[in-house]
Amino acid sequence: MDKIEKEFREKFNIDELTIYENDNWIWSLRPKQITFGSSILSFKKTTNELSKLTVNEFMDLHDVIQVCEKTLKKVLGYSIINYLMLMLVDKQLHYHVVPRYSEPIIYNGTKYEDKLWPNPPKMNVDMEVTEEELLELVKTLKITIKE
């Protein structure tokens with residue numbers, strides 16, 4: 001693991017918040033939530049160039065997106081998902097996955113709102129979500145994938 005990958009994994013707490021992975025991609029919950037269920041799809045190899053991916057790596061991206069959308073829809077019932085590939089700060093190939101909600105949702109008795117709906121998400125938004133709530137959501141999403 002090189003320095004870029006190590007720093008990226010630590011920043012996004014990928015080891016603890018991973019939900020699903022395949023040969024080339026990892027789906028993990030974001031430690032700082034933009035909307036409830038905000039996630040990261042990160043490429044396992046160090047690169048910041050999408051054009052460097054092979055056909056198989058793109059196929060694995062398709063797989064992880066299928067799992068991500070199906071699972072988030074079943075558990076949280078989002079209205080739409082925004083995918084953001086910015087890489088302005090983190091030079092590792094990744095997408096921010098931001099589920100969007102036209103109405104507030106209730107998860108485990110807590111109400112979550114997408115306060116910017118229907119406007120574009122803002123990356124500097126940090127919802128108040130405890131680490132315990134994050135870990136519970138990771139657990140629920142993992143269980144749902146297996147169903």
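In this chain, residues are counted from 1 in sequence order.
Within the 4.5 Å cutoff, side-chain heavy atoms of Asn56 are placed close to those of Met59. No side-chain heavy atom of Ile34 sits under 4.5 Å from any side-chain heavy atom of Leu116. The side-chain heavy atoms of Leu93 and Lys52, taken from C-beta on, include no pair separated by under 4.5 Å. Within the 4.5 Å cutoff, no side-chain heavy atoms of Thr71 are placed close to those of Tyr20. Residues Glu16 and Leu135 form a side-chain contact, since some pair of their non-hydrogen atoms from C-beta on lies under 4.5 Å apart. Within the 4.5 Å cutoff, the side chain of Phe12 has heavy atoms near those of the Arg30 side chain. Looking at Ile65 and Trp25, their side chains never come closer than 4.5 Å, going by heavy atoms from C-beta outward.
At most 12 non-hydrogen atoms from other residues, nucleotides or ligands lie less than 6.0 angstrom from CD1 of Ile80. For NZ of Lys115, the number of neighbouring non-hydrogen atoms (other residues, nucleotides, ligands) closer than 6.0 Å is 12 at most. For Glu69, the CD atom is densely surrounded, since the number of other residues' heavy atoms within 6.0 Å is greater than 12. Surrounding NZ of Lys6 are at most 12 heavy atoms belonging to other residues, nucleotides or ligands under 6.0 Å away.
In this structure, His96 and His94 have perpendicular ring planes: the angle between them is above 60°, well past the 30° mark. Ring geometry for Tyr95 versus Tyr83: interplanar angle over 60°, hence perpendicular rather than tilted (30 to 60°).
Hydrophobic clustering keeps Met127 apart from Val98 (ILVMFWY residues linked when any side-chain heavy atoms are closer than 4.5 Å, directly or through intermediates). Residues Val125 and Tyr112 are members of separate hydrophobic clusters, defined by side-chain heavy-atom contacts under 4.5 angstrom among Ile, Leu, Val, Met, Phe, Trp and Tyr. In the hydrophobic clustering of this structure, Leu41 groups with Phe58; members are Ile, Leu, Val, Met, Phe, Trp, Tyr whose side-chain heavy atoms approach within less than 4.5 Å, directly or through other members.
Distance alone, capped at 3.5 Å, is enough to place a donor-acceptor pair between the Asn22 side chain and the Asp60 backbone. For the pair Thr35 (side chain) and Pro99 (backbone), a donor-acceptor distance under 3.5 Å is present. Remark: the backbone N or O of Lys45 is paired with a side-chain donor or acceptor of Gln92 at under 3.5 angstrom. The main-chain N or O of Ser79 is never found under 3.5 Å from a side-chain atom of Ser102 such that the two would form a donor-acceptor pair.
Once rounded to the nearest 0.5 Å, the distance linking CG of Leu61 with CZ of Phe43 reads 9.5 Å. Summarising the geometry, atom NZ belonging to Lys32 is positioned 11.0 Å from atom CE belonging to Met123; distances are rounded to the nearest 0.5 Å. From Lys139, atom NZ reaches atom OG1 of Thr144 across 11.5 Å, with rounding to the nearest 0.5 Å. Taking CG of Asn108 as the start and CD of Glu133 as the end, the distance is 8.5 Å to the nearest 0.5 Å. Note that CG of Leu50 and CE of Met85 are 4.5 Å apart. Values are rounded to the nearest 0.5 Å.
Shortest non-hydrogen contact noted between Ser38 and Leu29 is O-CD1, 3.5 Å. Across all their heavy atoms, Lys142 and Ile19 have their closest contact at CG-O, 3.5 Å.
Taking the ring centroids of Tyr107 and Phe36, they lie under the 6.0 Å cut-off.
In the hydrophobic clustering (ILVMFWY side chains linked at under 4.5 Å, chained through shared members), Ile4 stands by itself.
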Chi angles and distances behind the side-chain contact (heavy atoms from CB on, under 4.5 Å) call for Gln33, Leu134: CA-CA 9 Å; Gln33 296 283 282; Leu134 288 176; 3.8 Å; yes
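Shown are Glu5, Glu57, Glu21; of these, the salt bridge (Lys or Arg N to Asp or Glu O under 4.0 Å) with Lys44 is made only by Glu21. Results of the side chain to side chain contact (heavy atoms under 4.5 Å, CB included) test with Trp27 over Leu17, Ile40, Ile145 single out Ile145 as the only residue that passes.
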